[in-house]
Each structure stands twice: as C-alpha cells, then as structure tokens.
> 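So that we are looking at the same thing, I have put the structure below in structure tokens.
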Amino acid sequence: TTRTWDYLHLSSHFPTNLLHETNMGDGIIIGLLDTGVWPESVVFNDEGLGPIPARWKGHCQSGQLFNGTTDCNRKLIGAKFFIDGFLAENIQPFNTTDNPDFMSPRDNIGHGTHTSTIAAGSFVANASYKGLAIGTLRGGAPKARIAMYKVCWNVPMGMCSSADILKAFDEAIHDGVDLLSLSLGTQIPLFAEVDERDGISVGSFHAVTKGIPVICAAANDGPAAQTVHNTAPWILTVAATTLDRSLPTPITLGNNKTILGQAMYGGKEVGFTDLVYPENPGLRPALAGVCESLSFNNTSPVGKVVLCFTAVIRRSAVTAAASAVRAAGGVGVIVARNPVDVLGPCANDFPCVVVDYELGTQILFYIRSTRSPIVKISPSQTLTGKPVATKVATFSSRGPSSISPAILKPDIAAPGVSILAASSPADPFMDGGFALHSGTSMAAPVVSGIVALLKSLHPTWSPAAIRSAIVTTAWKTDPFGEPIFAEGSPRKLANPFDYGGGLINPHKAAEPGLIYDMDTQDYILYMCSAGYNDSSISQLVGDVIVCPNPKPSVLDVNLPSITIPDLKTSVTLTRTVTNVGRVNSVYRAVVEPPFGVTVRVTPNVLVFNSTATKISFKVAVSTRHKVNTGYYFGSLSWIDGVHVVSSPISVRTQILQFYTDDN
Amino acid sequence: GKSNVHIIYMGERQSKDPECVTESHHEMLELILGSKEAAFKSMVYSYRHGFSGFAARLTESQAQKIAGLPGVVHVLENRFHALQ
C-alpha cells in the first residue's frame, strides 16, 4: 500500500480530502473473513485511536498463542476463529505439524494479515520488501477498527468451509461490523444465490439487508470470460488492476544491450557470467528449454544464467525453473512467458527474472548469434509513475456473470498487483514483516477501506447506494488520463467485463450526485426474475413473497449499469435515480451507444427539487445487427455540470437465442 | 451411513431471541436423530443472529428427512472456498 493511496489520489499529505473529511474512517469497524491476523505486526498499533465504539458487541477469542485480552487493542478489536465446519468435514485430521496453523485467530499463512492491513492498517513509515516498494504503508481507512473472523485454514494454501463462513457472517452481523470484506472464491460452475453451498452469497444477503456492505474478490480465474465469482447483485465484486509501479530488473547482455525484466530480486548483482539456453539436437530442440521441465543434457548450467520459455500461466513454472537451475549449479534464470502480473521472489534470493516472449526471443537470438554469450543481472528497482501503465491484471476474473449475465460483474476494479502489506513470519515471501502479494484478494480490501470512508461520510447510505456511488464515478482511464488496458492474449482496451464501472475513484464516489439505490424489495425482484421460487425467496427474506405474474424483468433491477445479454430486436428498461447532491439540480442524459445499437432515454432531462428527490426514467435499446454478435459497450451518463453519473452499457445481440457460437 | 456436514438453512430468523432460535434448531435435530444427546453431538453450528439455520453432521437419509420439515429452505452439503 506504499503506492496504492497516492495512486488513487487519497494521499494523507493533502489536508482536504476524503481521508481527512472522515477522520480516516475512525469509528468504522471493518470485518474480514480470512486466515486470521498476526497481532504483533506494527500495522495493528493503536496509537492515536480513541476508545472502541460503544456499539461494538464483539470480542477477541483466546486460543493457541493468542491471548484475547492482550493481543487485541483499539485497532484490532475483534478476533474469532471458526474451524468446526472444517474439522467436521475434513477427512484427514487437521495435522498442524504438516500444515502449520494455530487453533486461534492467529494467522499462519499471512493472507488475513495482508488483507486487513490493506483495508485498515495503521501508518508505518519506511516499509519495504528488501528495499523494494519502499514508502509509508497504511490501510485505506487507517483509523478504522479491524475485526478478524478466521475461517480459512492452512491445508496447505488456505481452505474455508461454507459452514464456518456462514457462522462468521452470523457472528459479524451480531457483533456490529459496519462492512465485511471477503477475499475468497469458490469454483466454476457457481451455485445459485439462494443456494447456501455458496455461503458467501447467502451470508452476504443477510448482511446487506441489514445495511452492512459486503465487498468480495472477483477471483483469480482470468483472463477468460465468464470466470467472475461472487456475482450476487447485493455483493460489491472487485477486479484487480496493476498500479503505476513496477519492479524493473536490468538484464545486461554481452552486446551491451540492457533489457528490463521484472522480478522481486533484492540480492546482489550477478556480474557478467555465461548465459545459456538448453537446446537438444533432433526434432524438438526447444523442449530442453521449457521452464517447467528444464533438462541440461547438453549444457551444464554450473555458474551460468539460464534462459527458458514457458506457456504456463501459474508461477509454478518460474519456481520450478529457479529450483532446477539452482540445483544444477546455475546462478540465475530468465523466464520468457506471457505477462501474468504475478511476481514473487524465488527462494534463497535466487535471481529469477521474467520477460515477455518478444524480449525473451531477443535474448535467445543474442545467445544464438554469439560464441560466448554473457549476461549481468542487477537487483530489481522500484519504478513509480510514468511510464508505467495501468492494466487489469491477467489473473483477474472476467465477466459476464455465468449465473446472471444481465447483472454486470465485476462491479469495480482496484489495485491488486504487488501490493506491499504486513504478513506473518511463516509467509515465505515476507521480509521484515512485509510482503508484496497479488490477487483480487488484495484488490477487495482496497475497496473495503474506501467503503469504510464512505460509510463514515454517509452513515445512512445503503450498501447499494455505496455501490452505485463507486460504480458511476469510477475512472475509465488511469488517474492520469491514460487508457486502462486489460492484460491477456492479446492485451486490449479494458471494458466493463474487465473492470465493471472502471477503476475506483474515491473522491468522486464521495459525491456522486445521483445514486441507483436498492433495498430488499429490489433483491426480491431480482430473485423473482431469476426464477427462484416463492417459498425459497420467502424463507430467505423472512416474509411471504409472491412473485408477480408475469415475472419481472431482470433488466429492470435498479443497478448502476445496463447489461443486455440477449437483445433480439428491442427492449425497454427502467431505472430510478435518487438525488444525493444539491436539492435543486437538473441532469441531462448523454448516451454513448454501443456499436450498432440505438439507445433512447425518456425523459432525457431530470429536474430535482425539494419534493422530487427520486425520478424514474426509461431506456429503450434496439439493435441494428442481423447476426448474433459479441458484446458491444457504451455508456449512459447523467450530467449536471458538476457531476457525471456514468453507467456502463453492454449489449449482445442474440437473433438466435440460447445458442453457443462455437463454430 | 457416512455422516457429512450439512447446512440446514432456514432463512430469516423467526424469533429475536437467539436462545430460542438455537433451541428450535436442537429440537428439529432431535426430531430426526431421536435423542437430545444425538442432536447435541451432531450439531456443528447454530446460526441464530443474522439469520436462522444450523450446520450438523448428518447422513444422506437424515438430511433428506430434515429437508422435509417445515421452515427448512434447503439442506445441502458443506463445500470449500479458497483464498484469492
């Protein structure tokens, strides 16, 4: 977080901004469902914090190496652990020798410590990972309080059972958290929103209807489409972008050409040394140079740097190559691969630098053109600001939602790549208490920190109002006006299925002008439109519900976005906006229609005054396409001269419906 | 039969008193399992603040029986989530 908040124009150096207007989120309680906390971390210091809010009903639960009385303070005000569902289900007994963990809220993996730091960690000066990403570290709402509900256990990468998650929701609602942050996902195919196998959507429904926003990670199954998780319309679903920060690592070739790879290498410079690419004679010469299965039949890597190529997206290819080269006596590895936005240090400070295929091929051509190729690897540097571009991370799951494609997901994007935050000592990527991690897990608490500030500023706003404010005011470019790309193959301009409304813009979200509000009735409308039966919905909401006949249209759910997945000819949908700005305001509609689509808004001028605070309008959408198309994107913005309330529009023409176009 | 954790989800809670909510969960479980002791042994969690329901170790046939009781929305097996 040493860059995150400056990047989002939420710097603590500016005396008048959302951070200071809200006294840094003081009094707001952020609940996190995660792997626990490392309470000794300096990020949980409570200097300058007032008493614990009187309404707080939670507590800190003692357990293994965790004293509920002394390990908590005015920053970490709640800490509980939930393992009964996990233990009751786990076929093997949970062996904490093989999979170290603590039978307490104490965090072994470091993930919960990391996410809670991002949301609400206290100020820590001069934080870094081995000198990289150095700066002042803090949470989005540095004076907000943290309540950790440990539901994920080290088996070995962190698994969390629905039964435990639901209990954590149950307790968190009772304890009085103001918002909940979850950096968890399930597996595709997803379960329906009323199906408690997705404990998150059921638990979050009850939280949201009680006024508690729930912020969830979109998951890390990108860049393929339809991979977004946590898609219920009451959840705020967060995609991950990069920051304007990178960790260039100079690779100097013997021909004096310097290539900037990426790494988290904090060790000493590897001076000019031999550079090899393992190649075998025969039909498949490149096979020996595949990173995940390096073989050194014809080349000894002793004392050398090895170049390899991989098509594997997971980081395992890099770590496998590093350990193979190291075991064979090599001194470094250069991995050529498609960009994946997940960096990590290699074990034992072994230099492992990644480059893309283009630069990797240049290095290979250098090797092949020289009798004695040599290379120098310098330690990684921290490059901040221009010319580093913002991208939606490769791994960030993409929409449309596979459950309900008419509900735009993800909702919003936030930085989630190489985020420096506190971690626990067992984290292999930790140095001096801090680690750089990537994932939508890291992006979700960025949004949670900002939601804490917004809750502080607007305590009466519903979770839907907060979501609307965030979605309709988001940046469509990076904070400096440059386009946001979506990483993948190939890299392309980002669209709403990559980043929802865009990149979160905290200041604009604080004063959105208009909001698309929703309450339980709207969620009922959604569930009726989704075809859930009356009795399921009635039980869920605790009231007798009879869905209207004919069924309402999912397109009329009062979302701050318009997504039409199956437009055949034309359709008209309704939205209602509430004025939360100046009482007497006039807004005009500005439409950027998707390609080949006509969008008409009626009325196209909205006049608000002391009696007209809420106005409905209709949007007629028709297609001119004669074939089944992919999605085209546009926007509808309401503009009053001060505010721009922008809704993304996504339209797919489906002349032939319920049809997979796989020809 | 083999017992697994099942979540018996009952939606919005019907009583504001969490003790009453939990008591109703135990009664429901007792009805299926035949004794108070078995119900207490089987119960994993009672969800009683934000909503109503419980998690319990049940065989498939016990889970099917409980699904037919009034007030039960769904009975389904536990599943796992992962860090992102």
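Below, chain A is the first sequence line, B the second, and so on; all start at residue 1.
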> Measure A/Ile83 against the heavy atoms of chain B and call it side chain, backbone, both or neither at under 4.5 Å.
backbone
> Checking heavy atoms, do the side chain of A/Ala217, its backbone, both or neither come under 4.5 Å from chain B?
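Side chain only.
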> Name the region of A/Leu182, side chain, backbone, both or neither, that has any atom closer than 4.5 Å to a heavy atom of chain B.
neither
> Under the side chain to side chain contact (heavy atoms under 4.5 Å, CB included) test, which residues partner B/Ser24, sequence neighbours left out?
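Side chain to side chain contact (heavy atoms under 4.5 Å, CB included) check on B/Ser24 returns nothing, list empty.
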> Should the pair A/Asp164-A/Lys167 be classified as a salt bridge under the 4.0 Å nitrogen-to-oxygen rule?
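Judged by the 4.0 Å cut-off on N to carboxylate O distance, A/Asp164 and A/Lys167 do not form a salt bridge.
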> Based on non-hydrogen pairs under 4.5 Å, which of B/Leu83, B/Asn4, B/Val5, B/Val72 is most in contact with chain A?
B/Leu83
> Quick one: side chain to side chain donor-acceptor pair (under 3.5 Å) partners of A/Asp84, sequence neighbours excluded?
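None.
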> Looking at every heavy atom in both A/Thr35 and A/Gly112, which two are closest together, and how far apart are they?
OG1-N, 2.7 Å
> Do you know which of A/Ala444, A/Cys160, A/Ser538, A/Ser441 has the most heavy-atom pairs under 4.5 Å to chain B?
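Among the listed options, the one with the most contacts to chain B is A/Cys160.
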> Over all heavy atoms of both residues, which pair between B/Met28 and B/Pro70 is shortest? Give the atoms and the distance, please.
CE-O, 3.7 Å
> Taking every non-hydrogen pair under 4.5 Å, which of A/Ser397, A/Gly439, A/Ala163 racks up the most with chain B?
A/Ala163
> What part of A/Phe395 is in contact with chain B, defined as an atom under 4.5 angstrom from a non-hydrogen atom: side chain, backbone, both or neither?
neither
> Is there a donor-acceptor contact under 3.5 Å linking the side chains of A/Asn533 and A/Ser535?
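Side chains of A/Asn533 and A/Ser535: pair found under 3.5 Å.
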> Go through the steps for A/Ser424 and A/Ile109 under the test side chain to side chain contact (heavy atoms under 4.5 Å, CB included), then give the verdict.
CA-CA 7 Å; A/Ser424 58; A/Ile109 297 173; 5.7 Å; no
> Do you know which of B/Lys2, B/Lys65, B/His6 makes side-chain hydrogen bond (donor to acceptor under 3.5 Å, both in side chains) with B/Glu60?
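With B/Glu60 as partner, side-chain hydrogen bond (donor to acceptor under 3.5 Å, both in side chains) holds for just one option, B/His6.
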> Of all the residues in residues 172-180 of chain A, which have a heavy atom that comes within less than 4.5 Å of a heavy atom in chain B?
A/Ile173, A/His174
> Establish, from distance only, whether the side-chain atoms of A/Asp170 and A/His206 form a donor-acceptor pair under 3.5 Å.
no
> With rounding to the nearest 0.5 Å, note down the distance linking SG in B/Cys20 to CD in B/Glu27.
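Here the rounded value is 9.5 Å.
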> Please name the pair of heavy atoms, one in A/Ser396 and one in A/Thr440, separated by the smallest distance, quoted to 0.1 Å.
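What the structure gives for the nearest pair is OG-CG2, 3.7 Å.
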> May I ask you to decide whether A/Lys150 forms a salt bridge with A/Asp101, counting only side-chain N to carboxylate O separations under 4.0 Å?
yes
> Between A/Ile165 and chain B, which part of the residue has a heavy atom less than 4.5 Å away: side chain, backbone, both or neither?
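It is the side chain, since no backbone atom gets that close.
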> For residues A/Gly85 and A/Ser161, report the shortest heavy-atom separation together with the two atoms involved.
C-OG, 3.6 Å
> Can you tell which part of A/Ser183 gets under 4.5 Å to a heavy atom of chain B, answering side chain, backbone, both or neither?
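It is the backbone, since no side chain atom gets that close.
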> What distance do A/Lys409 atom NZ and A/Thr227 atom OG1 have between them, rounded to the nearest 0.5 Å?
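Here the rounded value is 14.0 Å.
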> By number, which residues in residues 29-56 of chain B have some heavy atom less than 4.5 Å away from chain A?
B/Val44, B/Tyr45, B/Ser46, B/Tyr47, B/Arg48, B/His49, B/Gly50, B/Phe51, B/Ala55
